[in-house]
Amino acid sequence: MNAVTVVIPTYNRAPLLRRTLSSVLAQTVAPLEVLVADDGSTDDTAAAIREFGGRVTHLLLPHVGAPAAARNAGLARARGDWIAFVDDDDLWMADKLERQLALAEGVGLVCCNAELIDERDHPIGRNLHEAHPLAKEPDPLRALIGGNFVVCSSVLARTELLRASGGFYEGPELGRLAEDYDLWLRCALRARLRYEHEPWVRYRFAGTGLSQGTPSLRQAEALATVRRRLIAALGPRADNEFAEPLRQNWRRLQHARYKAYLAEGPRWRAFAPWLAVQAAKARGRR
């Protein structure tokens, strides 16, 4: 079966949520169910959902401030063979699900590129990925170790894969910064991932967060936690099969820490990650 459950985490964004729901319900292949995992909204989110009648299920949750918890609540409730995630401010092209389901044979997770839009849904004029993220490294897991190219609002994944992989990690170390990246890596350890460079998602670009050139220190530390969790999941493979991509990942992480300390201070602490990279170079671990 190809029944799809759509999971939309939300919190106090009723106007944007209405637009997201409209794009989901306009799909050329209708989903089995649409679950809005509401993190305790206090605006008119409930009224916005009622406007769509019985086509949308409202999961009202205690407010915890973590999209990971809301997505996991949807994952636990889902009845579909597949789960498609979409954030409450993003939009789908009308044939997004149809195109992805056509590519899903033998694949655990399908994702795609995204067109960037502004607050009025107008295209900014570029896509989230201008270059194909798998061009230099075609293996999705190795490419993901190099950096997250999976747009959460583009994901169509097998429900059993998401559950077997443990769902989204809700620990405070990742917060809202890298919990999706952590899950995509764990999924890639278990199943094939497929990326399509054509944008079937419209991603609302706010000009903040991980999309910016200089990561915050919190973001850098969240990525360090993702790296530690991946190494634990890989076991002995981390020291042989994936030693080189993990080494490159470590160097990028040190560079991110260096830039974050220069931007946020104390600036003298930027010396430590710089020195660590120089020491690795001296040992021949380029």
Side-chain angles (χ1 to χ4, degrees), residues 9 11 39 63-69 71 87 116 128-131 133 136-137 141-152 166-189 203-286:
Y11 177 68
D39 185 29
H63 178 63
V64 295
R71 293 189 185 108
D87 289 346
L116 299 181
L128 193 60
H129 301 137
E130 293 295 340
K136 294 182 179 179
E137 175 49 76
L141 177 54
R142 290 175 177 271
L144 273 172
I145 293 173
N148 185 18
F149 59 83
V150 178
V151 182
C152 190
F168 293 91
Y169 180 63
E170 298 181 26
E173 310 97 301
L174 300 186
R176 302 168 59 94
L177 301 171
E179 77 280 1
D180 57 340
Y181 181 31
D182 176 74
L183 179 54
W184 313 146
L185 284 163
R186 284 184 279 118
C187 286
L189 285 170
Y203 178 90
R204 202 172 303 278
F205 181 72
T208 59
L210 290 171
S211 56
Q212 298 305 288
T214 301
S216 70
L217 188 56
R218 285 188 64 238
Q219 289 166 344
E221 294 312 315
L223 292 174
T225 298
V226 170
R227 183 177 187 275
R228 288 193 294 270
R229 285 171 54 81
L230 174 63
I231 290 173
L234 284 168
R237 300 170 70 192
D239 292 325
N240 42 69
E241 183 181 353
F242 291 96
E244 183 56 31
L246 283 169
R247 185 177 299 122
Q248 295 300 321
N249 175 279
W250 177 83
R251 292 192 61 183
R252 281 188 291 269
L253 177 60
Q254 300 315 308
H255 184 64
R257 283 173 165 155
Y258 172 80
K259 292 177 67 177
Y261 277 124
L262 288 181
E264 299 177 28
R267 296 173 68 90
W268 61 267
R269 295 196 67 178
F271 180 70
W274 178 86
L275 183 62
V277 171
Q278 302 313 307
K281 287 182 178 180
R283 294 194 302 269
R285 297 173 62 86
R286 295 183 178 272

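Computed over heavy atoms, backbone and side chain alike; hydrogens, waters and symmetry mates excluded. The residues of the chain are indexed from 1 along the displayed sequence.
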>> Minimum heavy-atom separation for A220 and L253, please, with both atom names.
In response: O-CD1, 3.2 Å
>> I need the Q248 CD to E137 CD distance, nearest 0.5 Å.
In response: 11.5 Å
> Which residues pass the salt bridge (Lys or Arg N to Asp or Glu O under 4.0 Å) test with R237, sequence neighbours left out?
Replying inline: E241
> Would Y258 and V277 satisfy side chain to side chain contact (heavy atoms under 4.5 Å, CB included), going step by step from the backbone distance to the final call?
Replying inline: CA-CA 10 Å; Y258 172 80; V277 171; over 6 Å; no
> How far apart are the closest heavy atoms of D39 and A66, and which atoms are they?
Replying inline: OD2-N, 3.7 Å
>> For Y181 and W184, I'd like to know if the aromatic rings sit close, meaning centre-to-centre distance below 6.0 Å.
In response: no
> Which distance, rounded to the nearest 0.5 Å, do you find between the CG of L174 and the CD of Q219?
Replying inline: 12.5 Å
> Got R227 and I231 here, is their nearest side-chain heavy-atom distance under 4.5 Å?
Replying inline: yes
> Are any side-chain N or O atoms of Q254 and backbone N or O atoms of A276, one a donor and one an acceptor, separated by less than 3.5 Å?
Replying inline: no
>> Measuring from atom CG of L141 to atom CZ of F242, what distance do you get when rounded to the nearest 0.5 angstrom?
In response: 4.0 Å
> Run the side chain to side chain contact (heavy atoms under 4.5 Å, CB included) check on Y169 and L183 step by step: do they pass?
Replying inline: CA-CA 7 Å; Y169 180 63; L183 179 54; over 6 Å; no
> Rounded to the nearest 0.5 Å, what separation is found between the OH atom of Y261 and the CZ atom of R269?
Replying inline: 3.5 Å
> Do D87 and R71 come close enough that some side-chain heavy atom pair is under 4.5 Å?
Replying inline: yes
>> For G146, is there any backbone N or O sitting under 3.5 Å from a side-chain donor or acceptor partner on R252?
In response: yes
>> I want to check something: taking the side chain as every heavy atom from C-beta on, are L223 and N148 in contact at a cut-off of under 4.5 Å?
In response: no
>> Check R218 with E221, please: is the shortest side-chain N to carboxylate O separation under 4.0 Å?
In response: no
> Is the count of non-hydrogen atoms from other residues, nucleotides or ligands lying under 6.0 Å from H63 atom NE2 greater than 12?
Replying inline: yes
>> Looking at N249 and I145, would you say the former's side chain and the latter's main chain have a donor-acceptor pair under 3.5 Å?
In response: yes
> So, for P133 and A143, which heavy atoms are closest and what is the spacing to 0.1 Å?
Replying inline: O-CB, 4.2 Å
>> What's the separation between atom CZ in R186 and atom CG in L144, rounded to the nearest 0.5 Å?
In response: 12.5 Å
>> Check this for me, if you would: do D182 and R228 make a salt bridge, where the nitrogen-to-carboxylate-oxygen distance has to be below 4.0 angstrom?
In response: no
